[in-house]
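These notes concern the structure reproduced below.
Computed from a prediction, not measured in an experiment: that's the story for all the values here. Chain naming here is simple, since letters A, B, ... match the order of the sequence lines and numbering starts at 1 in each.
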Number of protein chains: 2
Amino acid sequence: MTNHLEQKLLSKNIKPTPVRKLVLKKLLDERVAMSLVEIERKLERMDRSSIYRTLRTFEENYLVHAIPDRNGTVRYAVCDDACTCEPRHLHLHFLCLQCNKTYCLTDNPVQIPDLPPGYEVRSADFLIKGICPSCNK
Amino acid sequence: MTNHLEQKLLSKNIKPTPVRKLVLKKLLDERVAMSLVEIERKLERMDRSSIYRTLRTFEENYLVHAIPDRNGTVRYAVCDDACTCEPRHLHLHFLCLQCNKTYCLTDNPVQIPDLPPGYEVRSADFLIKGICPSCNK
DNA sequence: TAAAACTTTGCAACCGGGTTGCATGTATTT
DNA sequence: AAATACATGCAACCCGGTTGCAAAGTTTTA
Ligand SMILES: [Mn+2]
Ligand SMILES: [Mn+2]
Ligand SMILES: [Zn+2]
Ligand SMILES: [Zn+2]
């Protein structure tokens, strides 16, 4: 269990410290993308800046990807094992306007359309907003 | 000239006050999307909260649309005349990682792909990141 | 036309998420 | 064991955004 977390961290070359294991565990357990402050609220005891630096480390090492949020904040979700956050690995994200949760639609890759000449694509965020299945029934 | 601005405001049922005309003029002149603070910096004399409320008014009346930015802030761009910001009017946005400008690709509509059952689409943001033509040459 | 009601603007204060400097604690290397 | 490097916690700060409130300007009513 804890071992699974360590595996995952090590596989992305991140030293498995206590804080990192807890943050990763929380992200995996919740199964939706979470912002810095949302994580802070769920992990009462933990310091904000530690979580902040942990998320930076995670993002730099492609353990999590950042997803733009409603008002301008950013949420984080754990990447698939093989993900390197390159354009060809990108998937859609869905933000529910009712429950305000952000879902990774990992089975729906982002198709980048042809652009006018001169635009060189490096990355993309495709965020779809609406009502999620759980709120819809 | 000023008359053109008034026309545009009136056509969206916004009373053409001095502040509103200046903010609209700046957005039209710059031809890229701008954030609250970016507008504030370009309009030295003007109060931040006036610009803030102006942008809210603009957005509520579909004179501008909001575009998510890199770090989580939001930029605003003037809508096409006929735009009502519904899904079928949405277009791509491009953020240049070098000059940090946000462009509206109004000729490139957002194609919303099929989603798993239960997801009800209301809106979408498709932001492509890379190098813009001007930085690329 | 004068008073009343409403809207816009500017100022100041505030808020909250994010970020940094620094000291302490913990692990790794020599 | 000592030296070095890395991780964590605390406090302070930053900055874009937001709000309350009063003054100035506009529109409505009597
Ligand atoms: Mn995702
Ligand atoms: Mn646009
Ligand atoms: Zn929902
Ligand atoms: Zn550029």
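- Around NZ of A:Lys12, the count of heavy atoms belonging to other residues, nucleotides or ligands within 6.0 Å exceeds 12.
- As a whole-Å value, the separation of B:Glu60 CD from C:dT8 P is 11 Å.
- Using a 3.5 Å distance cut-off with no hydrogens or angles, the side chains of A:Arg48 and A:Tyr52 do not pair a donor with an acceptor.
- Of the N and O atoms on the side chains of A:Arg75 and A:Ser35, not one donor lies less than 3.5 Å from an acceptor on the other residue.
- Rounded to an integer number of Å, the gap from A:Asn13 CG to D:dC6 C1' is 16 Å.
- Between A:Lys42 and A:Glu38, none of the side-chain N atoms (NZ, or NE/NH1/NH2) sits under 4.0 Å from a carboxylate O, so this pair counts as no salt bridge.
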- Item | Summary of protein contacts for nucleotides 8-24 of chain D, nucleotide by nucleotide, where a base hit scores B, a sugar-phosphate-only hit scores S (4.0 Å, heavy atoms) | BBB-----BBBBBB---
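- Salt bridge present: A:Glu120 and A:Arg122 bring a charged side-chain N and a carboxylate O closer than 4.0 Å.
- Rounded to an integer number of Å, the gap from CG of B:Asn61 to C1' of C:dT8 is 15 Å.
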